[in-house]
Asker: 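If you scroll down you'll find the structure; I have some questions about it.
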Amino acid sequence: MLQLLPIPAGFPVDQFLAHWWVFPASILFSLIALASGVSGALFFSPFFMLIVGLSPSQAIGAGLLTEVFGMGNGLVNYVRQRVVDYATAKWLLLGAVPAVIVGAFAAHYVPTTLLKLAFGVGLLGLGGFLVYYDPPEECVPGEREGEYLKRKNTGRGETTIETTDGETYSYDTCWRPPGVGLATAGGFITGLISAGLPEVTTTQLIVRCRLPPRVAVATSVFVLAIAAVAGAVVHALAATPVWYIIAWSVPGVLIGGTIGTRVGKYVPSEIMEPALGVVFAVVGVVVLASELVA
């Protein structure tokens with residue numbers, strides 16, 4: 001069968017066939033990520049680094065490239081449902097895209113030891129974030145904006161989102177600078193360790209910027225899709241992507257994502273997200289220990 005397929009010159013067929021197990025692992029990771037609403041790269045980058053044995057920069061680049069393909073299904077659904085706040089997304093992208101590009105370049109020039117330490121610390125931080133904050137659908141819009149942000153968020157007009165399924169969301173238009181700052185921080189972390197942007201921005205858009213959870217999630221996914229493409233291009237240009245791994249992971253996430261969007265509504269996110277937060281924190285400790293103890 002393989003003989004009938006056009007194979008690019010120089011493609012490492014033996015390495016490709018030896019890593020067949022990346023395919024079922026990718027289906028599983030994508031299914032869990034889509035069902036729980038967390039970034040798929042949180043699974044893939046540690047997996048590529050610790051299990052597959054790629055270097056940190058290779059693992060991060062492969063994770064980001066895989067995520068670009070994996071998020072397509074969810075993004076298309078959100079766009080079709082007309083649930084994205086494009087006005088807010090436009091401002092978030094002003095911070096996220098340049099930051100993810102800078103982070104992606106840094107991932108290829110930061111010494112390997114520092115990059116692994118940053119990756120471990122990042123996983124610990126994101127794991128703690130998932131444990132500490134409620135899932136987006138459980139958050140109350142504006143619950144942590146404080147008096148200062150409350151004043152800043154008032155009197156800037158009203159945003160109305162009318163979805164294709166008949167829902168209408170109306171809320172005060174948010175003061176943009178905090179969101180741009182968070183998107184910048186999340187974008188840099190995403191470029192550097194391939195995850196962080198949706199985890200940083202989604203909950204904050206709800207609790208500090210009053211966006212309804214459904215709108216905040218869709219807007220964050222839209223921003224991540226564009227920013228991740230920019231980061232993936234930088235990773236692809238800065239180094240040779242490990243195509244023999246990506247050739248297995250991309251079909252896996254397409255299948256897992258399709259299943260995950262269907263089973264996600266049956267997953268109790270108030271249990272899933274804290275549990276995943278603990279898992280990511282443990283993986284972060286393992287990454288740090290592997291570098292500090294070695």
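Hydrogens, waters and symmetry mates play no part in the numbers below; they use all other heavy atoms, side chains included. Nothing here was measured: the structure is a model prediction, and the numbers come from that model.
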Asker: Please report the interatomic distance CD1(Ile245) to CG(Leu65), rounded to the nearest 0.5 Å.
Answerer: 12.5 Å
Asker: CD/Glu158 to OG1/Thr173 distance, rounded to the nearest 0.5 angstrom?
Answerer: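 One gets 7.5 Å once the value is rounded to the nearest 0.5 Å.
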Asker: Quick check, are the ring centers of Phe47 and Phe29 under 6.0 angstrom apart?
Answerer: yes
Asker: Heavy-atom distance under 4.5 Å between the side chains of Thr184 and Leu94, does that happen here?
Answerer: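 The answer is no, as the side chains (C-beta and beyond) never meet within the 4.5 Å cut-off.
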Asker: Thr190 versus Leu64: any side-chain heavy-atom pair under 4.5 Å?
Answerer: yes
Asker: When you compare the side chain of Leu92 with that of Leu205, does any pair of heavy atoms fall below 4.5 Å?
Answerer: yes
Asker: State, without any angle test, whether Ser249 and Ser26 hold a side-chain donor-acceptor pair at a distance under 3.5 Å.
Answerer: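 Judged by distance alone, the side chains do not pair up.
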Asker: Applying side-chain contact (heavy atoms from CB on, under 4.5 Å), run through Leu54 and Met49 and close with a yes or a no.
Answerer: CA-CA 5 Å; Leu54 302 181; Met49 188 187 305; 5.9 Å; no
Asker: Within the 4.5 Å heavy-atom criterion, are Thr160 and Tyr169 side-chain neighbours or not?
Answerer: no
Asker: Between Trp91 and Ile226, is there a shared hydrophobic cluster once you connect ILVMFWY residues whose side-chain heavy atoms come closer than 4.5 Å?
Answerer: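 In one cluster: no.
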Asker: Between Thr88 and Thr219, does any side-chain donor sit less than 3.5 Å from a side-chain acceptor?
Answerer: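 On atom types as modelled, these side chains do not qualify, holding no pair under 3.5 Å.
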Asker: Within the structure provided, determine whether Phe222 and Val217 are in side-chain contact (heavy-atom separation under 4.5 Å).
Answerer: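 Result no, sub-4.5 Å side-chain heavy-atom pair not found.
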Asker: Dump the intermediate steps for salt bridge (charged side-chain N to carboxylate O under 4.0 Å, His left out) on Asp165 and Arg214, then the final yes or no.
Answerer: CA-CA 13 Å; Asp165 58 9; Arg214 184 183 177 191; 2.9 Å; yes
Asker: Give a yes or no on whether Gln15 atom CD has more than 12 heavy-atom contacts from other residues, nucleotides or ligands under 6.0 Å away.
Answerer: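 Atom CD in Gln15 is packed in, count exceeds 12.
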Asker: What closest approach, in Å, do Gly231 and Val100 show between heavy atoms, and which atom pair accounts for it?
Answerer: N-CG1, 4.0 Å
Asker: Main chain of Phe16, side chain of Trp248: is a donor-acceptor contact present, judged purely on distance under 3.5 Å?
Answerer: yes
Asker: Start with the C-alpha gap between Phe44 and Glu67, add the side-chain angles, then the distance that decides, and say whether side-chain contact (heavy atoms from CB on, under 4.5 Å) holds.
Answerer: CA-CA 8 Å; Phe44 283 104; Glu67 185 174 43; over 6 Å; no
Asker: Under 4.5 Å between any side-chain heavy atoms of Asp85 and Leu211, yes or no?
Answerer: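 Of all side-chain heavy-atom pairs linking Leu211 with Asp85, at least one is under 4.5 Å.
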Asker: Could you check whether any side-chain heavy atom of Ile161 comes within less than 4.5 Å of a side-chain heavy atom of Tyr171, counting everything from C-beta outward?
Answerer: yes
